[in-house]
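Let me begin by presenting the structure, written as structure tokens, before commenting on it.
A, B, ... follow the sequence lines: proteins, then strands. Residue 1 opens every chain.
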Protein chains: 2
Amino acid sequence: MPENIATSETGSPLYLRVRDQLAEQIERGEVTANIKLPSERVLAERFETTRVTARLALAQLEAEGRIYRSNRRGWFVSPPRLIYNPTEDYSFSDNAVSQGRLPRTETLEVRCTVVSAWLAGKTGLETGDPVVLVRRRRYLDERPVLVENIYLNPRRLPGIKDFDFNRSLWKLLRDQYSVDLVQKKIEMFPTALVDPQASALSVNAGTAGLCVNRCSRDAAGGFVEFDEEFWLHDTLSIQVNVA
Amino acid sequence: MPENIATSETGSPLYLRVRDQLAEQIERGEVTANIKLPSERVLAERFETTRVTARLALAQLEAEGRIYRSNRRGWFVSPPRLIYNPTEDYSFSDNAVSQGRLPRTETLEVRCTVVSAWLAGKTGLETGDPVVLVRRRRYLDERPVLVENIYLNPRRLPGIKDFDFNRSLWKLLRDQYSVDLVQKKIEMFPTALVDPQASALSVNAGTAGLCVNRCSRDAAGGFVEFDEEFWLHDTLSIQVNVA
DNA sequence: CCGCTCATCTGGTATAGACCAGTATCAAGG
DNA sequence: CCTTGATACTGGTCTATACCAGATGAGCGG
């Protein structure tokens with residue numbers, strides 16, 4: 001009776017034993033950050049099983065944040081998570097660089113629109129009020145890791161729509177408008193990314209993500225901006241200090 | 001040519017069309033919180049497809065936090081997320097009750113042990129220092145939603161191991177030790193739950209979760225407790241205010 | 001050199017079964 | 001009445017296979 005290669009002491013499911021072997025290889029550094037894993041068909045053959053089971057093992061590692069997939073290109077080892085503090089004014093780029101990463105920001109869209117019922121509930125604005133929407137996509141080492149929708153108050157920030165949003169928004173508010181963001185309401189929850197966010201990040205609908213919403217006001221309590229961020233779940237670690 | 005029931009205008013994959021129909025039923029309230037969905041075999045038959053595809057659709061809804069599974073019992077509609085602020089001293093029970101939920105806390109284990117290298121790195125203690133470990137499981141409406149490992153400083157909290165941990169730890173520290181937790185370092189990241197946390201919550205390894213770590217110190221900067229929480233991903237929404 | 005075509009490789013979706021291991025239910029037996 | 005045990009039902013795991021569509025890279029033609 002030929003025993004499966006991944007068969008070992010335990011009676012655990014085959015796909016978890018395959019997972020364990022792959023995880024070991026990653027930990028031993030045989031495959032490292034952003035290195036491509038063997039194809040699903042090769043893995044299935046190597047572990048003497050089928051693609052379905054190999055994919056279960058890969059999905060497990062993906063859920064743990066150890067590997068990620070690139071559409072129809074293959075599976076890759078996840079780099080370390082970016083440490084991120086959403087309570088502080090900060091520059092995404094500076095933060096990424098200080099952690100040895102290569103950041104990039106892409107402005108997808110700048111549009112004048114009006115406050116929806118949903119946004120009104122989040123910000124306290126009135127439905128129909130004017131608002132500027134900025135959509136951006138951000139990369140770490142050329143992997144897209146988040147998309148965000150920023151809603152800016154054009155009354156508080158006249159002319160805002162004509163600026164360059166590929167630079168730090170926080171520096172823009174500070175230098176051009178002398179805005180001091182002192183009040184923030186932050187909301188975070190894990191969820192699956194669905195369209196349109198999923199396609200903007202070139203991942204399948206259902207990929208695990210983290211949604212971070214942030215409502216910022218100035219010292220007088222006036223609404224400045226609402227920021228809705230959609231991160232890939234394996235790319236960040238939130239850190240907050242309370243002193 | 002018999003067309004599939006879930007076949008519609010779009011050319012999107014079948015499992016996403018099945019997802020859409022189930023999501024609609026949930027939104028219309030035809031199935032509501034904690035109600036069991038039809039079995040996978042029934043769904044497969046109803047949508048004229050196979051269990052594999054039905055399971056893809058269910059996994060999608062699970063990833064979005066709309067439904068959850070109970071081992072070999074079936075799929076159920078997820079109740080609303082618990083709103084949770086990890087920066088504030090608070091009682092899990094009070095918080096749950098105020099949101100109309102029924103909380104329950106179970107102490108799994110209380111044990112005197114020593115600081116591991118990992119814990120030393122997180123707390124600044126020395127490896128080998130004494131520490132009290134408390135493991136708890138918490139429920140909302142009789143569904144287990146989180147397990148936590150609490151590491152308490154026995155030097156700062158003499159006799160702590162003999163208290164009842166089914167009540168609020170925060171109230172215990174306040175009333176019995178007059179501790180004021182003024183410094184906190186909080187870390188949060190989405191990940192998959194693996195053993196032993198997965199089994200403690202009666203979910204499969206790989207179920208999406210959120211890990212929340214919190215290191216608390218008193219006014220003098222002395223280490224009081226380190227708390228490691230493992231939540232099911234669909235059960236909470238983090239909310240933090242910065243004033 | 002550049003740009004195009006096309007074969008090949010990749011993961012994505014889907015079918016059609018199979019057996020296993022817990023759960024729930026209820027009738028039979030104490 | 002309660003307990004027990006058979007049983008049907010549930011999701012969990014797994015095999016084997018097929019076709020599709022996007023990504024890639026080699027090679028050809030300009």
Output yes when at least one side-chain N/O atom of [X] is less than 4.0 Å from OP1 or OP2 of [N], else no.
| X | N | answer |
| --- | --- | --- |
| Ser39(B) | dT10(D) | yes |
| Thr50(B) | dG17(C) | no |
| Asn204(B) | dG12(D) | yes |
| Thr49(B) | dA14(C) | no |

Q.
Using the ring centroid of each side chain, check whether Tyr84(B) and Phe92(B) are separated by less than 6.0 Å.
A. no
Q | Test of ring centre spacing under 6.0 Å for Trp118(A) and Phe226(A) | A | yes
Q.
Could you check whether Arg69(A) makes a cation-pi contact with Phe76(A), meaning its NZ or CZ is under 6.0 Å from the centre of the six-membered ring and within 45° of the ring axis?
A. no
Q | Test side chain to side chain contact (heavy atoms under 4.5 Å, CB included) applied to Arg143(A) and Leu201(A), Thr235(A), Leu102(A), the passing residue | A | Thr235(A)
Q. Looking at Arg19(B) and Glu62(B), does any basic side-chain N land under 4.0 Å from a carboxylate oxygen?
A. no
Can you tell me the distance, in whole Å, between the [atom1] atom of [X] and the [atom2] atom of [N]?
| X | N | atom1 | atom2 | answer |
| --- | --- | --- | --- | --- |
| Ile67(B) | dT10(D) | CD1 | C1' | 15 Å |
| Leu56(B) | dG11(C) | CG | P | 17 Å |
| Trp75(A) | dC9(C) | CH2 | C1' | 17 Å |
| Arg69(A) | dA23(D) | CZ | C1' | 16 Å |
| Leu14(B) | dA14(C) | CG | P | 5 Å |
| Glu40(A) | dC14(D) | CD | P | 16 Å |
| Phe76(A) | dA23(D) | CZ | C1' | 11 Å |
| Asn71(A) | dC20(D) | CG | P | 18 Å |

Q: Map Arg41(A) and Leu16(A) onto DNA chain D by nearest heavy atom, then report which one ends up closer to the 5' terminus.
A: Leu16(A)
Donor-acceptor pair under 3.5 Å, [X] side chain vs [N] base:
| X | N | value |
| --- | --- | --- |
| Arg55(A) | dG12(C) | no |
| Arg73(B) | dG11(D) | no |
| Arg51(B) | dG12(D) | yes |

Q: Counting heavy atoms from C-beta on, name the nucleotide in dA23(D), dG12(D), dT15(D) closest to the side chain of Arg72(A).
A: dA23(D)
Q. Closest nucleotide of DNA chain C for Val52(A) versus for Leu58(A): which of these residues is on the 5' side?
A. Leu58(A)
